[in-house]
2 protein chains.
Amino acid sequence: MSRWEPNARGRLEQAALDLYRERGFDQTTVTEIAERAGLTERTFFRYFTDKREVLFWGQERLRELYVRTIETAPESTAPIDTVVLALEAAVPVFHERRELARQRQAVIDANPGLQERELLKRAALAAAVTEALRKRGVADPVASLAADVGVIAFKTAFARWVNSPDEPDLSQLIREALDQLKAITRDDR
Amino acid sequence: MSRWEPNARGRLEQAALDLYRERGFDQTTVTEIAERAGLTERTFFRYFTDKREVLFWGQERLRELYVRTIETAPESTAPIDTVVLALEAAVPVFHERRELARQRQAVIDANPGLQERELLKRAALAAAVTEALRKRGVADPVASLAADVGVIAFKTAFARWVNSPDEPDLSQLIREALDQLKAITRDDR
DNA sequence: CAGGTGATGTCAGTTCCTGTTATCACTATA
DNA sequence: TATAGTGATAACAGGAACTGACATCACCTG
């Protein structure tokens, strides 16, 4: 038998999510999270830089997927379509864990501090996408604008997807959001 | 002579900005800020909810200006153009204090925690704009998408404006960013 | 089997932030 | 003009988030 139970990080993540849901983020202490995971406060801070980060650790995986998808997209693809390709490549990640996504989002929506962190993570993803586009030779203002537009489309689609009673296709919603966005920016008054 | 020096809030703002610039945000303690302003740590927290907020207090003014401008815009104006009207109405606010904006932005750019707060404030502005559009009868996904597009255009323009050696017109830059954004979302591959 | 390694625990300390109560100049009113 | 507010501030105590330093101890490696 090993000295330590395996998967300390996972246990901490689970304990944190559970507690945040049970009594709210502010009313949960890091010591409590660690205790429930059978660990120490100090150990929590070895795995996560702060109390919020525990809900956002998965974003790293997403970033890699986005960047890889953009790198391998056909050369001729337009910037905005490259971004959409990346967003769609990540859709299964969400479909696989819809319930988890729902719970997590409910916690975030209930706390401004967590919303801040979510926005920062989103911005980091946009920056990674921008950088990946630049490497494909997309010029500078275009690259970041395309990334930002993609983020908006995803955000809009995700907000609808995560709380619908039925289970719509996230890709579909992304495309719809993008179409509406295109309609808005068109000069037809 | 009055018991207290006037403009406690302003003194705290100034002291905070100075110290954040001198030694960085993390290396500055709230007690130090208060001392420099001739006040107490406790008093700092009466004026500002937290250590970051001191840099963002002005946003409230901006929000009001945006909302008012949208409320008084001609009925026939398209959503995206209504948003641009609001953004342009606020341009003088920035032109008036370019140096302050520059210093403030440099501090924010050097600290992730401050970037989080900036993103949250930006999201709050977008939400206010969305709400103002809804009150004009703009349907739901369109209102928030138009607000978000406006925010992106402004962000892009501001980033260029705040650090250019010459003094370009912010309105001009906003329109340019929006034009590029329109080009990106157009279906011409 | 000695010594290194890595995950964890222990402990002490700083800073952010909050609640509570006390001052005290100024103001309104009797 | 005495008195009772009122509002901005100070003083103090305390909780919780985080950090640094060092100890422990199962496991691995030669």
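Atoms considered below: every heavy atom in the structure, side chains included; atoms not considered: hydrogens, waters and symmetry mates.
If you take CG of A:D26 and C1' of D:dA17, they are 12 Å apart, rounded to a whole angstrom. A:R42 has its CZ atom 15 Å from the C1' atom of D:dA16, to the nearest Å. In this structure, the CZ atom of A:F44 is 13 Å from the C1' atom of D:dA16, given to the nearest Å. In this entry the distance linking CG of B:D50 with C1' of D:dA16 reads 15 Å, nearest Å. Remark: P of D:dC18 and CD of A:E53 are 11 Å apart, rounded to the nearest angstrom. In this structure, A:E41 places its CD atom 14 Å from P of D:dG15, rounding to the nearest Å.
Judged by distance alone, the side chains of A:E118 and A:Q105 do bring a donor and an acceptor atom under 3.5 Å apart.
Within the 4.0 Å cut-off from OP1 or OP2 of D:dA17, at least one side-chain nitrogen or oxygen of A:T29 is found. Side-chain N/O atoms of B:Y47 include one lying less than 4.0 angstrom from OP1 or OP2 on D:dT9.
At a threshold of 4.5 Å between non-hydrogen side-chain atoms, the residues B:D148 and A:K155 count as touching.
For A:L39, taking side-chain heavy atoms from C-beta onward, the closest of the listed nucleotides C:dC16, C:dG9, C:dT10 is C:dG9. Distances were taken from every side-chain heavy atom of A:V30 (C-beta onward) to each of D:dA17, C:dC17, C:dT8; the shortest belongs to D:dA17. Comparing D:dT9, D:dT19, C:dT10 by their nearest atom to the side chain of A:F45 picks out D:dT19.
Counting heavy atoms of neighbouring residues, nucleotides and ligands inside a 6.0 Å radius, atom CZ of A:R98 exceeds 12 of them.
At a threshold of 4.0 angstrom between heavy atoms, the contacts of B:T43 are confined to the sugar-phosphate backbone, with no base atom among them. Counting any heavy atom pair closer than 4.0 Å across all strands shown, B:T49 reaches sugar-phosphate atoms only and no base atom.
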Legend entry - Test log, rule side-chain contact (heavy atoms from CB on, under 4.5 Å), inputs B:L100 and B:L17: CA-CA 9 Å; B:L100 178 67; B:L17 180 58; 3.5 Å; yes
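Residue A:R46 places a side-chain atom within donor-acceptor reach of the base of C:dG9, judged by atom type and a 3.5 Å distance cut-off alone.
For the pair B:R11 and B:Y47, the cation-pi test (distance below 6.0 Å, angle within 45°) is failed.
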